[in-house]
Student: 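The structure follows.
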Amino acid sequence: MKQQEKKKKCYLYTRVSTMTQTDGFSLEAQSKSLYEYAKYRELEIADEYCDAGKTGKDIKGRPAFQQMMEDIICQKDNISYVLVFKLSRFGRNAADILKSLQLLMDYGIDLISVNDAIDSSTQGGRLTLTILSAVAEIERENIVVQFMAGKIQKVMDGKWAGGVIPYGYRNQNKELVLAEEETKIVRLIYDLYLKENMSATSVVSYLNENGYVRGKKDSDQDRPFTFDFVTSVLDNPFYCGKLLYNRRTNKKGRDGKLIKKDLDKVITVQGVHEPIVTEEEWREVQEKRESLSKVNEKVDEPERISLLSGLVKCPVCGSGMIATKNKHVNKNKGGYYKTIHYYACNNSRKANGRTCPFRHRYNQEKLDAAVFEIIGKLSRMPEFKSAVIASSGEKSDVEKLERDLKQLRKKLRGLEMQKRKLGTELDNLDVFDEDYDKRYEKIQSALDESYDKVDEVEKKISIVIGKIEAVNKGVRAADSIESMLDHFEKLYEKMSCEERRQMYRLFIERIEVFPEEKTDGRILKSISFRFSVSYGKDGLTPEGNTENDIRFILDCSETELTAAEAKATYAEIKKYIKDTFGANVHTLYIAQIKRKYSLDMGKNYNLAADPKKKVPKCPKDKEKMILETLKHFKMIDASIEVMESENVKDEG
């Protein structure tokens, strides 16, 4: 005899408020309808939960409902369904209804609203959930709008709306008051800058050389003054009593591009805090800052941008290296020799207090070319392909991703419950209690933190959902990355200098270099790559989320030396010829041979002042030495033979 199939279990939930105990909505009527439906579907009733006289406005006001949800989380009865008479009995707040429904789904439980004919296991039921999701999203947006409105109102009242407290002030009983020692520094910065021959760099040097310090942060050492700090003080209208909201217009996105805000949306009001300088002094400073900025505008190579500034890290202090240059006067003919650009440690600058002892500089042309060469080969490196596949998690199947999704949703449910409890505590505070302000601030802080955690988990959920959709469609993240790298050189050729700089910042996090060039000319130590993968809502990775990025660190010391690094300077070429062939060669001869074989097509600084004067030509024996040396340093193809001597170009 065939064993009878085991019945599926269900919970019944009923609720009435004081206003809806008649007209078919009574507890008895609801319960009777649910029992009949369970019998019709052959469901075993594991338990029944009832909130009598409880409003559906918020879940937190319904103890029986909360107990039911706790029993579901604990999987007390391993039920398959929750039965309610109407969806309005489940709750009237769309956001709470949606989250509760999602919790049921995470545990494989379907909701059935008997009177509304809604069954979440059917397509129609899922459509209802989608509509509820849209409603909940609108509610969340309204909350954000209300929060921002409150913040703007605080600014309009002339009060500090939060964030990092400006240097020179401290928080005292939720009001900003002057910090005596820091105030003196701010005052001094303005006084110094307004002197005739003082610039921001001069102010920094004066402060550091005369024993002034900014104070301590995250360490026991006093911090020196920096150019960025001084300019931020000079440019902040807060010090003349003004409050600006929505002021920041130079925030950068993940692609390195500036996120510019509309200037007409900037709010300027008179603050209630005590100013340190007068409005007239602040205006004078701004006029001087503007006039000096025009003087410092690029004259030569105005379009030139250092591609890897900030990405290349100092091997001593780890800070981002900045662009510097050498520009020497040609004393023989006037004008300047070719400008040489370098990367140097920002912290070794005098203007920043020289907190780093590292003085070595790296030739930009050589370093840029080396990085370019490596990226061009990256997609063909087996270790890179393996890292992309491993990091992207593409070996994971849909079932694993769905398990992750359920865990995240369970976590979200717990955070939502914690958030509601904190909200209840906040509502129940006694305003007449002596410690009201302290308790309110503590709970509000915890509530803000809870909102942040909820937001973080929701972003992760969005990513996992995006991954599931991508895997179901057979999309591989590695495909788009490899395609981009394969076409890298063609893309690079068509880009402006600024576009190239932005592109590098899309997938390079940091570049480590050796403190000194190795004997073989090697400079690059490692490159840390980060490729963003588009998972989430509308195919986009949630802003600021880097957990899903594909990361890979290339050990450059294990790769073949790049041609750019192998390229030698004139001094290195002469030294190699001396050590190898025992001969001395003039720089002029090396330049002639490089030009002859099209290695150096820049401006020729060796032309004679008198056009009739002949410049000596490189002898054939030394041409051979130079050519062999160029091959050694991989500056020329090894198969090239010595050309006829009469083809050596006349430098005159």
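Computed from a prediction, not measured in an experiment: that's the story for all the values here. Note: hydrogens, waters and symmetry copies are ignored here, and every other heavy atom, side chains too, is used.
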Student: Indicate the ring-plane relationship of Phe372 and Phe488, choosing parallel, tilted or perpendicular according to the 30° and 60° boundaries.
Tutor: tilted

Student: Under the 6.0 Å and 45° cation-pi test, does Arg500 pair with Tyr492?
Tutor: yes

Student: Using the side-chain contact (heavy atoms from CB on, under 4.5 Å) definition, which of the options Val371, Ile508, Ile527 pairs with Leu311?
Tutor: Ile508

Student: Below 4.0 angstrom, N of the basic side chain to O of the carboxylate: do Lys494 and Glu499 qualify?
Tutor: no

Student: Counting C-beta onward and ignoring hydrogens, is there a side-chain heavy-atom pair between Phe227 and Val203 closer than 4.5 Å?
Tutor: no

Student: Ring-plane angle category for Phe507 and Tyr504, please: parallel below 30°, perpendicular beyond 60°, tilted otherwise.
Tutor: perpendicular

Student: How close do Lys574 and Val585 get, counting heavy atoms only, and between which atoms?
Tutor: CD-O, 3.2 Å

Student: Please determine whether salt bridge (Lys or Arg N to Asp or Glu O under 4.0 Å) holds for the pair Lys575 and Glu572, giving the CA-CA distance in whole Å, both sets of side-chain angles, and the decisive distance to 0.1 Å.
Tutor: CA-CA 5 Å; Lys575 183 178 184 302; Glu572 290 169 337; over 6 Å; no

Student: Is the count of non-hydrogen atoms from other residues, nucleotides or ligands lying under 6.0 Å from Glu560 atom CD greater than 12?
Tutor: no

Student: Hey, are Lys195 and Asp191 close enough for a salt bridge, meaning a charged N less than 4.0 Å from a carboxylate O?
Tutor: no

Student: How long is the span from the OH atom in Tyr167 to the CZ atom in Arg214, to the nearest 0.5 Å?
Tutor: 7.5 Å

Student: Would you compute the distance between atom CG of Leu308 and atom CD of Gln364 and round it to the nearest 0.5 angstrom?
Tutor: 8.0 Å

Student: Measuring from atom NZ of Lys624 to atom CD1 of Ile577, what distance do you get when rounded to the nearest 0.5 angstrom?
Tutor: 14.5 Å

Student: Starting at CZ of Phe358, measure out to SG of Cys314 and round the result to the nearest 0.5 Å.
Tutor: 5.5 Å

Student: Nearest 0.5 Å, what's the CG-CG distance between Leu561 and Leu524?
Tutor: 9.5 Å

Student: Flag the pair Tyr342 / Lys325 as yes when at least one side-chain heavy-atom distance between them is below 4.5 Å, and no otherwise.
Tutor: no

Student: CD1/Ile189 to OH/Tyr206 distance, rounded to the nearest 0.5 angstrom?
Tutor: 12.0 Å

Student: Using salt bridge (Lys or Arg N to Asp or Glu O under 4.0 Å), reason through Arg283 and Glu287 one step at a time and then give a plain yes or no.
Tutor: CA-CA 6 Å; Arg283 280 196 298 270; Glu287 290 172 2; 6.0 Å; no

Student: I'd like to check Lys288 versus Val285 (side-chain heavy atoms, cut-off strictly below 4.5 Å). Are they in contact?
Tutor: no

